[in-house]
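Proteins get letters first, then strands, A, B, ... in listed order; numbering begins at 1 in each.
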Number of protein chains: 2
Amino acid sequence: MILDSETKAVELPEDHGDELRLWLRLLTCTTLIEGEVRSRLRERFDVTLPRFDLMAQLDKVPDGMTLSDVSKRMMVSNGNVTGLVERLVESGHVDRRTSDTDRRVQVIRLTKLGRAEFRKMAEEHETWIAEIFTDLTPKDVRELMRLLAKTKGSAQKAAQKSTGKAP
Amino acid sequence: MILDSETKAVELPEDHGDELRLWLRLLTCTTLIEGEVRSRLRERFDVTLPRFDLMAQLDKVPDGMTLSDVSKRMMVSNGNVTGLVERLVESGHVDRRTSDTDRRVQVIRLTKLGRAEFRKMAEEHETWIAEIFTDLTPKDVRELMRLLAKTKGSAQKAAQKSTGKAP
DNA sequence: GAATAATTCTTTAAGCTTCAAGTAACTTGG
DNA sequence: CCAAGTTACTTGAAGCTTAAAGAATTATTC
């Protein structure tokens, strides 16, 4: 029994194959690029991608940020950040101190060494990314930016809905 | 000293900011969606994303595939697959046997249980993905597919170049 | 046919990641 | 004030992931 599209009396198995294929392609692209960046960071600078990502967050702020901020921006768990920071403090790239106003809070920032090394890596990193996207025209880039922004919004809405949280 | 764009006598720091922002947005989208899918798989079926992904690969082929095939398709290391398969064999979702023609090769496939459970999960999974991409029009989806295909090609070229491998 | 090379997979060490539970510190409502 | 709730972070267990090295098997080359 199949009614017309307005009625929808029964649950028809709708076709979502296109969206699924899109998701798989998106995932493939990211995995591919991430792997390439990871291997170059390792070969060229002997640094891991998570370390680089964390340093990139810290490079954007001169006065440091809290572990929670880092966790939100990197979209990883708190416990993850704790471990990452511990290793970066150990290697002398990151400085960590307890906040003066709230003793629960840990404020971390790049050390002089950390910032200097990050800047060197970031410069090359940017050229790698440009190389990876080299076949895309400026118009392609703009269009992708637009569509991914829309995708991000859509995904965030779906995520909120499922967890029942406010934006 | 800045010469005209044809001459390029010195290395000017070119601007690749747009590509970098594009990459970060791509990564954000993927991380967001992956996290959402991971958490729903966990809550709804108590299964991890890597397990689901591996089973998805196996569901596509009736007669099983080798560990190397899985490794290439999932774009993860061999050692990774070894461990994943071990746990899936342990839980009764995957069957593993040595190839008759080549004793180095392990052929794995879904068990009856594995296939049944995967099918149930995959059905819901597909609706989640549709929900996540719900704001995109069919035209958006087509356009994203096209641009991501182009991106994939470009990234693959860059990856080959850096490793010096043939396609 | 034997030495050499390539492949398939496993193992190991280190690090990454999540989730859940726990601790300490701050905030709020009475 | 203070009890209850919230927030910030840490810890622990399990699993994921990679890179590198090793073992077993097959393919190649002379």
Side-chain angles (χ1 to χ4, degrees), chain A residues 30-32 34-55 64-91 93-94 96-108 163 165-166, chain B residues 30-31 34-44 46-55 64-91 93-94 96-108 163 165-166:
Chain A
T30 301
T31 305
L32 198 56
E34 209 172 41
E36 184 61 20
V37 170
R38 183 195 312 279
S39 105
R40 293 194 192 196
L41 280 175
R42 169 173 191 72
E43 287 171 21
R44 188 75 181 79
F45 300 111
D46 193 33
V47 74
T48 66
L49 185 51
R51 274 169 147 96
F52 179 82
D53 287 343
L54 177 41
M55 291 172 80
M65 51 201 304
T66 70
L67 292 203
S68 289
D69 286 342
V70 175
S71 168
K72 275 170 208 140
R73 283 178 185 261
M74 292 181 73
M75 295 191 279
V76 299
S77 66
N78 280 345
N80 192 350
V81 174
T82 296
L84 267 175
V85 166
E86 175 151 332
R87 289 183 287 272
L88 280 166
V89 167
E90 167 73 21
S91 64
H93 294 84
V94 164
R96 159 207 238 151
R97 59 186 176 74
T98 303
S99 164
D100 297 327
T101 57
D102 186 339
R103 277 179 300 172
R104 290 170 306 180
V105 174
Q106 300 288 312
V107 178
I108 58 173
T163 51
K165 277 183 185 170
Chain B
T30 301
T31 305
E34 209 171 40
E36 185 61 21
V37 171
R38 182 194 312 277
S39 106
R40 292 195 193 196
L41 280 175
R42 171 173 191 72
E43 287 171 21
R44 188 76 182 77
D46 195 31
V47 73
T48 67
L49 185 51
R51 274 168 146 96
F52 179 82
D53 287 343
L54 178 42
M55 292 171 81
M65 50 200 306
T66 70
L67 292 203
S68 288
D69 286 342
V70 175
S71 167
K72 275 170 206 139
R73 283 177 186 263
M74 292 181 72
M75 297 191 277
V76 300
S77 67
N78 280 345
N80 192 349
V81 174
T82 296
L84 266 175
V85 167
E86 176 152 332
R87 288 183 287 272
L88 279 166
V89 168
E90 167 73 21
S91 65
H93 294 84
V94 165
R96 158 208 239 151
R97 59 187 178 73
T98 303
S99 164
D100 297 328
T101 57
D102 186 338
R103 277 180 300 172
R104 290 169 304 181
V105 174
Q106 300 289 311
V107 178
I108 59 173
T163 51
K165 276 184 185 171

**Q** Going by the rule side-chain contact (heavy atoms from CB on, under 4.5 Å), which residues pair with B/Ser99 if we only count those two or more places apart in sequence or in a different chain?
**A**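 So B/Ser99 forms a side-chain contact (heavy atoms from CB on, under 4.5 Å) with B/Thr101, B/Asp102, B/Val105, B/Val107.
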
**Q** How many angstroms lie between CZ in B/Arg104 and OG in B/Ser68, if you round to the nearest 0.5 Å?
**A**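 Going from the CZ atom of B/Arg104 to the OG atom of B/Ser68 covers 9.0 Å.
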
**Q** According to side-chain contact (heavy atoms from CB on, under 4.5 Å), who are the partners of B/Glu36, at least two apart in sequence or on a separate chain?
**A**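 B/Glu36 satisfies side-chain contact (heavy atoms from CB on, under 4.5 Å) with A/Ala159, A/Ser162, B/Arg40, B/Ile132 only.
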
**Q** Please find the earliest and latest nucleotides of DNA chain D, in the 5' to 3' direction, that have an atom within less than 4.0 Å of any heavy atom of chain A.
**A**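 Here the contact window of chain A covers D/dT7 to D/dA20.
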
**Q** Tell me, please, which residues at least two apart from B/Asp53 pass side-chain hydrogen bond (donor to acceptor under 3.5 Å, both in side chains).
**A**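 side-chain hydrogen bond (donor to acceptor under 3.5 Å, both in side chains) list for B/Asp53, sorted by chain: empty.
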
**Q** Sequence neighbours excluded, which residues qualify as side-chain contact (heavy atoms from CB on, under 4.5 Å) partners of A/Arg42?
**A**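 If we apply the side-chain contact (heavy atoms from CB on, under 4.5 Å) test to A/Arg42, skipping adjacent residues, the hits are A/Asp46.
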
**Q** Quick one: is A/Arg51 getting a side-chain N or O under 4.0 Å of the C/dA14 phosphate, OP1 or OP2?
**A**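 For C/dA14, neither OP1 nor OP2 has a side-chain N or O of A/Arg51 closer than 4.0 Å.
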
**Q** So which heavy atom on A/Leu84 is nearest to which on A/Arg51, and how close?
**A**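 Scanning both residues, the minimum pair turns out to be CD2-N, 4.2 Å.
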
**Q** For A/Arg96, check salt bridge (charged side-chain N to carboxylate O under 4.0 Å, His left out) against everything at least two apart and list the hits.
**A**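 For A/Arg96, no residue satisfies salt bridge (charged side-chain N to carboxylate O under 4.0 Å, His left out) once neighbours in sequence are set aside.
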
**Q** Under the rule for side-chain contact (heavy atoms from CB on, under 4.5 Å), what residues qualify as partners of A/Thr98, not counting sequence neighbours?
**A**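 Applying side-chain contact (heavy atoms from CB on, under 4.5 Å) to A/Thr98 gives A/Arg103, A/Gln106.
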
**Q** Which is more 5' along DNA chain D, the nucleotide nearest A/Leu67 or the one nearest A/Arg42? Just name the residue.
**A**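 Taking each residue's closest nucleotide, the earlier one in sequence belongs to A/Leu67.
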
**Q** I need the full list of side chain to side chain donor-acceptor pair (under 3.5 Å) pairs touching residues 75-86 of chain B, with sequence neighbours left out, sorted by first then second residue.
**A**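 Applying side chain to side chain donor-acceptor pair (under 3.5 Å) to every pair that reaches into residues 75-86 of chain B, excluding sequence neighbours, yields B/Ser71-B/Asn78.
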
**Q** What is the distance from CD of A/Gln106 to C1' of C/dA25, rounded to the nearest Å?
**A**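 Whole-Å distance recorded here is 12 Å.
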
**Q** Looking across every strand, which nucleic acid part, if any, lies under 4.0 Å from A/Thr66 by heavy atom: base, sugar-phosphate, or nothing?
**A**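 Sugar-phosphate, no base atom in range.
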
**Q** Is there a residue in residues 78-89 of chain A whose heavy atoms reach under 4.0 Å of DNA chain C, and which residues are they?
**A**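 Close to the strand are A/Gly79, A/Asn80, A/Leu84, A/Arg87.
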
**Q** B/Ile108 CD1 to C/dT10 P: how many Å, rounded?
**A**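 For the pair B/Ile108 CD1 and C/dT10 P, the rounded distance is 10 Å.
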
**Q** Can you measure A/Arg104 atom CZ to C/dA25 atom P for me and round it to whole angstrom units?
**A**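 Going from CZ in A/Arg104 over to P in C/dA25 covers 10 Å.
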
**Q** Rounded to the nearest angstrom, tell me the gap between atom CG in A/Asp53 and atom P in C/dC16.
**A**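 Distance, rounded to whole Å: 11 Å.
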
**Q** Which residue lies toward the 5' end of DNA chain C, A/Ser77 or A/Asp102, if each is placed at its nearest nucleotide?
**A**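 Comparing both residues, the 5'-ward one is A/Ser77.
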
